[in-house]
Structure formats: C-alpha cells, structure tokens
Protein chains: 2
Amino acid sequence: MKSYTKAIYEIIKTGHWITDTVGQVLKEDNITEPQFNVLRILKGQKGNPITVQDIQGRMIQRSSNVTRIVDKLLDKGLVNRQECPTNRRKMDITITSFGLDELEKLNKKVLEFHSPYINNLTDDEAEILEKLIKKLKGE
Amino acid sequence: MKSYTKAIYEIIKTGHWITDTVGQVLKEDNITEPQFNVLRILKGQKGNPITVQDIQGRMIQRSSNVTRIVDKLLDKGLVNRQECPTNRRKMDITITSFGLDELEKLNKKVLEFHSPYINNLTDDEAEILEKLIKKLKGE
DNA sequence: GATCTTTATTTGTTTGAACAATTAATGTAT
DNA sequence: ATACATTAATTGTTCAAACAAATAAAGATC
C-alpha cells in the first residue's frame, strides 16, 4: 500500500515534469503541447484526412477544444481544414507540408530534451517499466 | 529507444489519467486538485505553520498561484492565514480543524478510487516501478 | 542610517481549459 | 415526406494557469 502510493506519486510527478518541460521547449516556437500533439496525430495519418472527433479520441489529454486548437494551427498555416465530402457535418483536417517541416524541427528539439535520459534504462528495463504501469492499471 | 518512448508515453498518459480522474472526484466537493494538494501539505505539517513559498516548493505541479489557492481555501474556512511573527513578509498558513475533517472525507473518496488498483502490483513490483522511473530520470 | 538589493507575497493581465449551449447536417421512424 | 432524435463541430462563458509586474519588508553595504 505504501509502495503503491509512492509509485503512483512518482508516475504523476514524472508525467507532469515531462509535459511541463517539453511544453517549455515548444513554447519557444509558439506552439502549445496540445497543438504539437495534434500535428503528430495528423502526421501519423500519412496524408489521409481525419475528423475533429477522431483527433479528439487520439489525444493524450482529453482537451475538448479541438476546434480551437485547429484554429490556431490554421492561423499558422500548419494545417488545412475542409468539409468532408461524404458528410457535411464533419471536417477533414490535414497537415500542410509547411506543417510537416515545422513538426520535424519540433521533434528534433523534443528529442534533444529526451536524449540525456534515453540510455538511463536498458531496453529491458524500459519494457518492464511499461508493463508494470499497465499492470497497475489492470490492462 | 522505441521502448524508452513507449515507457515515457505510458508514464505521461497514466499520470494524466490519475490526476484527471481524481480531479473529477474532488470536484464533487468543489475542491480542485491543487487545493487538495495544499490541504495535504498543510496536514503533513502537523500543526506547524508553513509559508506560501514552502507550499509552492512541495507542490507536484509548479502552479505559481499559491496565494490564490489559499484564498479559495480561506473562503471555505479550510485554512488560516496570518502574518509570520518573525518575518512580516511571510505568511503562516495552517489547516483548520474543519479543514482536517474535510480532508479526511476527501482522502476516503480518493482512496476509493485507488482501491481497485492497489493490489494489481505486489509491493516488490511497485518498488521496482518507482525505482525504474527514478532511474529513468537519472536520480 | 540612507540607499540599494534581495526576498516573499500579492495583484494584474493574458491565454488556455472545461463545460454548456448552439447550430447544422444526418439518420430514423411512422 | 415530415417530425424527431442523433451526431459533429463550433461558439459562449466561466474559471484556473502562466507570467510579469508591483508592493512591501528585510538584509546588506557604504
């Protein structure tokens, strides 16, 4: 029970620390963490459009304002938004080539942040870590 | 590298999930997560007053607005705030007995949230988990 | 002891998050 | 086909977070 609490605390604290720090890095380029995540989701689509709803479902943080996040990305020319041809309620979002370039740059910076830590754990240890967290959640 | 990324992702996602869910539970009693954490810090003082600055230092999330959080807790009668006798710049914050009662209730609710998960890991596993995260951070 | 710096907290302001309500298109049932 | 319900996205509003600036006390220096 005590060890459970300590583990939980460590997870929360570390999670916050990573997102906060990465957030700082991204802010230098005037990008928020949610915006960054949307860009990554869009890149993962490999050109296929994705709706606002589906973006929502894939976000780590269940931030409800995907529309406004996309608004911001549109302002910066990082994404396109157009009506879905088969269902006029939906919006098809895609990343622009400029968006891909920017994401590339951002990814490099984020990777730089991670680089001092990447080898702190062996692959085996990292896998055990992942599995233990999943087990904790009952997955 | 791939396993590192997966581990990191799991940490972030799980951390968010816990704080979000606990946040929901607390909201039923009109308490935010930062307010709850301040209450816990105050309880941990066992009656000794603590300054705004020291509260700040012990918070998981480095929310800068401790003053305003304490304002809210004051409104609810959960804490006291008075000038530090030895240094008039500082403010001594203490938890009221009503605050302790409320915290007790909240802790029970939070514990209820955790109870399904507490035994998913053995003590040994939880300790390994904690150690691996610390090792990941280079601690 | 007057001035300058540092420390501790508070306050102002801007931005994002949360939640509810709205709009508009689609699906369904009679 | 019309009426009603559901789905998808947007918009409005409120509240908290972030950051900077301000206030005010204490400490340091000369």
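Each chain gets a letter, A, B and so on, in the order its sequence line appears, and its residues count up from 1.
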> Looking at the side chain of B:Thr67, which of C:dT13, C:dT9, D:dT13 is the nearest nucleotide?
Replying inline: C:dT9
> Closest to the A:Thr51 side chain: D:dA9, D:dA25, C:dA17?
Replying inline: D:dA9
> Could you give the CD-to-P distance, from A:Glu83 to D:dT7, as a whole number of Å?
Replying inline: 20 Å
> Salt bridge between B:Lys109 and B:Glu112, side-chain N to carboxylate O under 4.0 Å?
Replying inline: no
> Rounded to the Å, how far apart are A:Gln56 CD and D:dA8 C1'?
Replying inline: 11 Å
>> Would you say CD of A:Gln82 has more than 12 non-hydrogen atoms from neighbouring residues, nucleotides or ligands within 6.0 angstrom?
In response: no
> Where the side chain of A:Thr32 is concerned, which of C:dA17, C:dA25, C:dG16 is the nearest nucleotide?
Replying inline: C:dG16
> Just how far, in rounded Å, is C1' of C:dT9 from CD1 of B:Ile69?
Replying inline: 14 Å
>> Could you check whether the side chain of B:Arg89 and the base of C:dT9 have a donor-acceptor pair of N or O atoms closer than 3.5 Å, going by distance alone?
In response: no
> Can a side chain N or O of B:Lys90 be found less than 4.0 Å away from OP1 or OP2 on D:dA26?
Replying inline: no
> If you count the non-hydrogen atoms of other residues, nucleotides and ligands that lie under 6.0 Å from NZ in B:Lys43, is the total more than 12?
Replying inline: no
>> If I take atom CG in residue A:Asp92 and atom P in nucleotide D:dT10, what distance separates them, rounded to the nearest angstrom?
In response: 11 Å
>> Given D:dA17, D:dT10, D:dA26, identify the nucleotide with an atom nearest to the side chain of B:Asn65.
In response: D:dA17
> Relative to the 5' end of DNA chain C, which residue comes earlier, A:Thr86 or B:Asn87, by the nucleotide with the nearest heavy atom?
Replying inline: B:Asn87
> Under a 4.0 Å N-O cut-off, is there an ion pair linking A:Glu139 with A:Lys131?
Replying inline: no
> Atom CG of B:Asp71 to atom P of D:dA16: distance rounded to whole Å?
Replying inline: 11 Å
> How long is the line joining CG of B:Leu26 and C1' of D:dA16, in whole Å?
Replying inline: 15 Å
> Any idea which of D:dA26, D:dA17, C:dT26 is nearest the A:Arg88 side chain?
Replying inline: C:dT26
> For the side chain to side chain contact (heavy atoms under 4.5 Å, CB included) test, which of A:Val52, A:Ile93, A:Asp92, A:Leu73 pairs with A:Arg81?
Replying inline: A:Ile93
> From the list D:dA24, D:dA17, D:dT10, which nucleotide is the closest neighbour of the side chain of A:Val52?
Replying inline: D:dT10
> Does a side-chain N or O from B:Arg68 land closer than 4.0 Å to OP1 or OP2 of C:dG12, or not?
Replying inline: no
> B:Gln53 side chain: which of C:dT10, C:dT9, D:dA9 is closest?
Replying inline: C:dT9
>> Testing the basics here: between B:Glu125 and A:Leu132, what is the closest heavy-atom pair and its distance to 0.1 Å?
In response: O-CD1, 3.7 Å
>> In whole Å, I'd like the distance from the CD atom of A:Glu33 to the P atom of D:dA17.
In response: 17 Å
> Atom CD1 of B:Ile50 and atom P of C:dT9: how far apart are they, to the nearest Å?
Replying inline: 10 Å
> Do the side-chain N or O atoms of A:Lys72 get closer than 4.0 angstrom to the phosphate oxygens (OP1, OP2) of C:dT15?
Replying inline: no
> From C:dA18, D:dA26, C:dT10, pick the nucleotide closest to the side chain of B:Met91?
Replying inline: C:dT10
